[in-house]
Amino acid sequence: MINACLAPLAIALLAGAAHAQVQVDQRLRHGIIGGAQPGEVVVQLAPGEAFMIPGVLLRPVDLSASPTGRAIAALDAEGLRHIRPLFPNAADRALAQAIGLDRYYLAYIDPAIDSAAAAARLGNVGSNNADHTAISLAQPNTLGGILNHQVFPNDADFINQYSLHNDGQFVPGGLLSPGSAGTPDADMDVAEAWVLAQGSADVTIAIIDTGVSHSHPELAAARVPGQNFDALSVDTDDSIIISHGTHVAAIAAATGDNGIGIAGVAHGAKIMPIKVLDLIGSGTAAVGAQGVVWATDNGADIINLSLGYEGESAPLHSAIQYAVASGVVVVAAAGNDPLPAVPIPAQYPEVIAVGATDHNDQLADFSTEGPEIDVSAPGFNVWSAWDDFLTPDSYTAQSGTSMASPNVAGVVALMLDANPNLTPTEVRTILETTAEDLGPAGWDPGFGHGRVNAYAAVLAAGAPSACSPADLTTDGTSNGQPDGAVTLSDFSYYLALWSTGDLDADLTTFGTSNGVPDGDVSLSDFSYYLAEWSLGCP
């Protein structure tokens with residue numbers, strides 16, 4: 001109870017702090033090496049100027065009366081949301097002041113405003129006053145990252161996988177589809193995403209289909225126990241006539257870097273074969289629903305449904321609701337006829353419905369369009385594993401939204417590798433907001449929100465929260481993560497920690513040289529938290 005006597009002071013400070021609940025601004029990183037982070041500008045003040053006292057932005061009544069006031073007015077003109085010191089805890093304060101670290105601020109502005117242009121305008125603040133300029137420097141917050149920003153596996157047929165990396169190479173076709181050259185970068189940027197994530201063995205993709213080959217070397221190491229719901233077969237092996245499930249499974253998670261064949265999008269993930277279709281690819285919606293529930297109950301993180309049924313099926317819809325409510329991401333093919341409506345299960349709102357693009361980033365002529373389409377992915381002449389009676393353990397190109405769907409399922413597996421705590425809703429939002437917009441501007445019934453970009457999606461999935469460190473509580477969330485809003489509940493939670501001397505309230509690093517908290521819960525920690533809390537979320 002070492003700080004109990006200071007609790008009244010805390011309440012008084014709380015009452016005097018100007019603060020309103022601020023929802024997190026869901027800025028997603030664009031995954032571009034180069035350019036600038038939207039909505040952020042770095043500014044450095046001239047010596048002697050200050051934007052804030054701890055936690056409080058200084059706002060003169062007359063913003064034109066001082067250089068600092070004019071600088072704040074200029075930031076307001078750029079849609080200023082929040083501003084915070086960039087180096088508030090530099091251990092050597094004298095050195096920080098000598099270098100000017102204490103005068104750097106990160107300003108969060110309207111993300112719709114070009115940050116480079118905003119920085120140029122801010123850099124001119126005070127130019128009409130040659131004796132004193134409040135802002136001595138303004139720059140966009142530039143993006144960068146790992147310089148080796150692509151990973152190419154040693155699989156012999158990787159060159160045929162334009163959906164993962166397209167440099168305009170010739171794309172081979174199947175029996176009924178001639179090959180042709182593609183368009184550079186008409187791909188999902190998977191080679192770039194592999195720098196960040198290659199798929200975890202802790203992530204399992206259930207392939208609800210015709211089964212998955214037991215013998216194909218691309219899938220032997222990836223398989224986990226599945227289930228057979230086809231009364232005419234005895235195990236989860238693929239059909240000897242139509243190797244649809246094997247082709248789909250390998251797109252998502254074929255073993256990579258094994259010197260043969262292909263690499264799956266998430267080639268470190270696991271495949272759970274769920275056989276619900278017979279040897280000619282036929283089955284009922286009720287049996288499909290059984291497969292969905294079994295996969296959910298037996299550890300699937302993602303369910304891929306490269307199939308469709310006519311009409312309506314209440315059991316299938318309920319099974320999918322069961323899966324999504326259990327935290328499973330469900331992805332489905334949108335259909336291979338441009339005229340009829342999107343079939344079930346892709347039609348259901350809980351499902352991520354996937355249309356098909358080609359190697360030129362055009363909508364495939366067979367891809368079904370409709371209001372249910374969420375995103376699109378390569379589905380034309382997609383090279384993958386095959387295992388039928390005539391060509392066992394082989395490879396071929398197939399076309400269909402059946403191929404587009406596992407491309408997206410594989411991207412979801414990479415996202416869950418980067419952040420296992422993502423909910424199905426968060427996965428959908430990231431896929432949609434990071435997709436590359438094709439066709440008419442914005443959402444459209446063919447491409448949906450655009451062709452999936454794996455690199456941008458994985459970056460967004462693993463990016464730290466844009467919210468303040470003051471966001472401590474998990475109100476309304478189911479994943480145990482902060483709720484993305486800085487509210488009174490966060491302050492009350494911290495106050496309870498601080499007033500009892502809980503070391504979780506130890507935030508400051510005074511007297512330390514390693515950047516870790518100093519082991520002393522004191523008024524400085526409370527002041528630091530109050531400063532963060534008063535800023536809310538950028």
Open item on the list: Using every non-hydrogen atom in the two residues, find where T401 and S367 come nearest and quote the distance to one decimal.
Closed with: CG2-OG, 3.7 Å
Task: Heavy-atom side-chain proximity of P111 to R81 below 4.5 angstrom - done: yes
- [ ] Give the minimum heavy-atom separation between A134 and A71, together with the two atoms involved.
- [x] CB-CB, 3.9 Å
Open item on the list: Can a donor-acceptor pair be found, under 3.5 Å and without considering hydrogens, that links the side chain of N304 to the backbone of A409?
Closed with: no
Open item on the list: Once rounded to the nearest 0.5 Å, what's the spacing between atom CG of D110 and atom OG of S115?
Closed with: 11.5 Å
Open item on the list: Rounded to the nearest 0.5 Å, what separates atom CG in L495 from atom CG in D490?
Closed with: 12.5 Å
TODO: Mind checking the OG-CD1 spacing from S405 to I303? Nearest 0.5 Å is all I need.
DONE: 11.5 Å
Open item on the list: Is there a side chain to side chain contact (heavy atoms under 4.5 Å, CB included) between V203 and I302? Walk through the geometry before answering.
Closed with: CA-CA 8 Å; V203 177; I302 304 157; 3.9 Å; yes
Open item on the list: Please give me the minimum heavy-atom distance between A193 and L414, naming the atom from each residue.
Closed with: CB-CD1, 4.2 Å
Task: Smallest separation among heavy atoms of V265 and V411, with atom names - done: CG1-N, 3.6 Å
Task: Side-chain heavy-atom pair I135, L45 within 4.5 angstrom cut-off - done: yes
Task: Least distance between heavy atoms, Y104 atom then V42 atom - done: CD2-CG1, 4.0 Å
TODO: Please name all residues satisfying salt bridge (Lys or Arg N to Asp or Glu O under 4.0 Å) with D374, sequence neighbours left out, ordered by chain then number.
DONE: R428
- [ ] Compare all side-chain heavy atoms of E78 with those of V41 and state whether any distance is below 4.5 angstrom.
- [x] no
Task: Expected output: side-chain R84 to main-chain A107 donor-acceptor under 3.5 Å - done: no
TODO: Please examine the side chains of Y455 and M188, heavy atoms only from C-beta on, and report whether any two atoms are closer than 4.5 Å.
DONE: no
Open item on the list: Between N360 (side chain only) and T183 (backbone N and O only), is there a donor and an acceptor less than 3.5 Å apart?
Closed with: yes
Task: Criterion side chain to side chain contact (heavy atoms under 4.5 Å, CB included) on L80 and Y108, from CA distance to verdict - done: CA-CA 6 Å; L80 177 65; Y108 298 93; 5.9 Å; no
TODO: May I ask you to test the E432-V375 pair for a side-chain heavy-atom distance under 4.5 Å?
DONE: yes
Task: Residue pair S489 / T487: nearest heavy atoms and the distance that separates them - done: OG-OG1, 2.8 Å
Task: Spacing of I373 atom CD1 and Q347 atom CD [to the nearest 0.5 Å] - done: 10.5 Å
Open item on the list: Ignoring hydrogens and geometry beyond distance, is a side-chain donor-acceptor pair present between N453 and T434 at under 3.5 Å?
Closed with: no
TODO: If the plane angle is over 60° it's perpendicular, under 30° parallel, otherwise tilted; pick one for F526 and W498.
DONE: tilted
Open item on the list: Taking L497's backbone N and O only, do any of them form a donor-acceptor pair with D502's side chain (distance below 3.5 Å, no angle check)?
Closed with: no
TODO: Using a 4.5 Å cut-off on heavy atoms from C-beta on, say whether the side chain of L122 contacts that of L75.
DONE: yes
- [ ] Mind running side chain to side chain contact (heavy atoms under 4.5 Å, CB included) on V412 and L416 for me, showing each step along the way?
- [x] CA-CA 6 Å; V412 174; L416 293 180; 4.3 Å; yes
Open item on the list: Could you tell me if N141 and Q37 have a donor-acceptor pair between their side chains, going purely by distance under 3.5 Å?
Closed with: no
TODO: Taking N166 for its side chain and A186 for its backbone only, find out whether a donor-acceptor pair lies under 3.5 Å.
DONE: yes
Task: Centroid-centroid distance, H359 to Y162, less than 6.0 Å - done: yes
TODO: Decide yes or no on side chain to side chain contact (heavy atoms under 4.5 Å, CB included) for T357 and Q362, but give the supporting numbers first.
DONE: CA-CA 5 Å; T357 59; Q362 300 297 309; over 6 Å; no
TODO: To the nearest 0.5 Å, tell me how far I251 CD1 sits from I205 CD1.
DONE: 11.5 Å
TODO: Keeping the roles fixed (side chain from T204, backbone from A300), state whether a donor-acceptor pair exists under 3.5 Å.
DONE: no
Task: Atom OH of Y348: over 12 foreign heavy atoms under 6.0 Å - done: yes
Open item on the list: Quiz question: by atom type and distance under 3.5 Å, do the side chains of D102 and Q97 form a donor-acceptor pair?
Closed with: no
- [ ] Decide whether S200 and D417 meet the rule of one side-chain donor and one side-chain acceptor closer than 3.5 Å.
- [x] no
Task: Side chain proximity check, E350 to V330, heavy atoms < 4.5 angstrom - done: no
Task: Straight-line distance of L431 CG to I352 CD1, nearest 0.5 Å - done: 5.0 Å
TODO: Check whether any side-chain heavy atom of V354 sits under 4.5 Å from a side-chain heavy atom of V331, and report yes or no.
DONE: yes
